[in-house]
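For reference, the structure is listed below as structure tokens.
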Amino acid sequence: MTHRIIIEEYHKLLELYGPQGWWPLGGEYHPGRYDLPQSANQRFEICVGAILTQNTAWKSVEKALTNLRKAELIQPLSLQRIADDNLKEAIRPAGYFNRKCVYLKTFAEFFVGQNDSPPNRAELLKLRGIGPETADSMLLYGWQQPWFVVDTYTRRLFSSAGIITMQDSYQQIQHRFHSALEPLFQSKCRIRVYQEYHALIVQHAKLHRPGVAGSLTQPH
DNA sequence: AGCCAGGCTACCG
DNA sequence: CGGTAGCATGGC
């Protein structure tokens, strides 16, 4: 049963690495805290990071975030009105700066038109530059909504564990995780588990570069 | 010197 | 619908 493997691997990874403290804010992780974000700007920072990290190492994203922070651009209103060239210069270290400039401005405009309540997932997906993983990262870490984040690491690790294949759709894989974990936890706990699980998968993947067999079912 | 990074869009058959 | 080139920079 694939549910059993999903549940077991969560506990193995948690035992291996401990709580990860995602999503990082202000350049730091915060293991054990689940009361973040505490402001609209912190929520916005999570969303900006989610866009910048698309196919990009977090180390590079941190440089871009540092530049944005210095320029006081991690606020929707100021990011919205900064000149494109200045924004591109700030986010240059994170790559794809022409695209990400558009993505960030589009999202900033959306964000200022919102109140604090969580946006609809379908609404996020309509925005240019926001696909399923980015939307779910925003919803899970920014708005505490129960959407499991599926990234390439998740695909890699769990296809090597034999419970999915690389070409399964995002929705398909996400549904596996939802149906495995949903019955076990009440809503508040479920959010934390989704948050920790994805963070643990990324942490594990960082320590086992591609090419290195990283089968979760094998003892190390 | 390459390959890869916490994806997505646009366009192809 | 599934498959893929292009996007850009920096780290290892």
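Heavy atoms only: backbone and side chains are in, while hydrogens, waters and symmetry mates are out. All values derive from a computational prediction rather than experimental measurement. Order of the sequence lines sets the chain letters (A, B, ...), proteins ahead of strands, with each chain counted from 1.
- Within the nucleic acid shown, A:I51 has no heavy atom closer than 4.0 Å to any nucleic acid atom.
- Counting any heavy atom pair closer than 4.0 Å across all strands shown, A:F107 reaches no nucleic acid atom.
- Listed nucleotides B:dG7, B:dG6, C:dG6 differ in distance to A:T134; the shortest reach to its side chain belongs to B:dG7.
- Base contact: A:K206 has a heavy atom under 4.0 Å from a base atom.
- Using bins of under 30°, 30° to 60° and over 60° for the plane-to-plane angle, the ring pair A:Y197/A:Y10 lands in the tilted bin.
- If you check every strand for non-hydrogen atoms under 4.0 Å, A:I91 touches nothing.
- Distance A:R99 CZ to C:dA5 P: 14 Å, rounded to the nearest Å.
- When the P atom is compared between C:dG6 and B:dG6, the two are found 23 Å apart, to the nearest whole Å.
- Here the side chains of A:Y194 and A:H178 are in contact, with some heavy-atom distance below 4.5 Å.
- Between A:R156 and B:dA5, a side-chain N or O to OP1/OP2 separation shorter than 4.0 Å is present.
- Note: CG (A:L124) to C1' (B:dG7) measures 15 Å, nearest angstrom.
- Of the candidate nucleotides B:dT9, B:dG7, B:dG6, B:dG7 has the atom lying nearest to any side-chain atom of A:Y96.
- Counting only heavy atoms from C-beta on, A:F97 has its side chain closest to C:dT9 among C:dG10, C:dT9, B:dA10.
- Between the CD atom of A:Q203 and the P atom of B:dG6 there is a distance of 11 Å, rounded to whole Å.
- Using a 4.0 Å heavy-atom cutoff across all strands shown, A:T152 reaches sugar-phosphate atoms only and no base atom.
- Nucleotide B:dA1: unpaired (no Watson-Crick or G-U wobble partner with both distances less than 3.5 Å).
- With rounding to whole Å, A:Y170 atom OH is found 16 Å from C:dG2 atom P.
- Checked against the 6.0 Å centroid threshold, A:H198 and A:Y153 do not count as a close aromatic pair.
- Residue contacts for A:R92: at a heavy-atom cut-off of 4.0 Å it reaches the sugar-phosphate backbone alone, with no base atom in range.
- A 6.0 Å sphere centred on CD of A:Q186 holds no more than 12 heavy atoms belonging to other residues, nucleotides or ligands.
- Listed pair A:N98 / C:dA8 meets the phosphate criterion, a side-chain N or O lying under 4.0 Å from OP1 or OP2.
- Distances were taken from every side-chain heavy atom of A:P24 (C-beta onward) to each of B:dG6, C:dG10, B:dC8; the shortest belongs to B:dG6.
- B:dC11 and C:dA8 are spaced 15 Å apart, taking the P atom of each and rounding to whole Å.
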Applying side chain to side chain contact (heavy atoms under 4.5 Å, CB included), run through A:F177 and A:T154 and close with a yes or a no. CA-CA 10 Å; A:F177 282 83; A:T154 312; 3.8 Å; yes
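- Residue-nucleotide stacking is not present for A:W58 and B:dA5, judged by a side-chain ring centre under 5.5 Å from the six-membered base ring centre and planes under 30° apart.
- Side-chain N or O atoms of A:S137 include none that pairs as donor or acceptor with a backbone N or O of A:A50 at under 3.5 Å.
- Following rounding to the nearest Å, A:R128 (CZ) and B:dC8 (C1') show an atom-to-atom distance of 11 Å.
- A:R155 places its CZ atom 11 Å from the C1' atom of B:dG7, with the value rounded to the nearest Å.
- Comparing the P positions of C:dA5 and B:dC3 gives a spacing of 14 Å, expressed to the nearest Å.
- In this structure, CD1 of A:I173 is placed 15 Å from C1' of B:dG6, rounded to the nearest angstrom.
- For A:W22, taking side-chain heavy atoms from C-beta onward, the closest of the listed nucleotides C:dA8, B:dT9, B:dG6 is B:dG6.
- Take the nearest nucleotide of DNA chain B for A:G129 and for A:Y141: the residue whose nucleotide is more 5' is A:Y141.
- Across the protein-nucleic acid pair, A:H198 atom NE2 and B:dG6 atom P stand 10 Å apart, rounded to whole Å.
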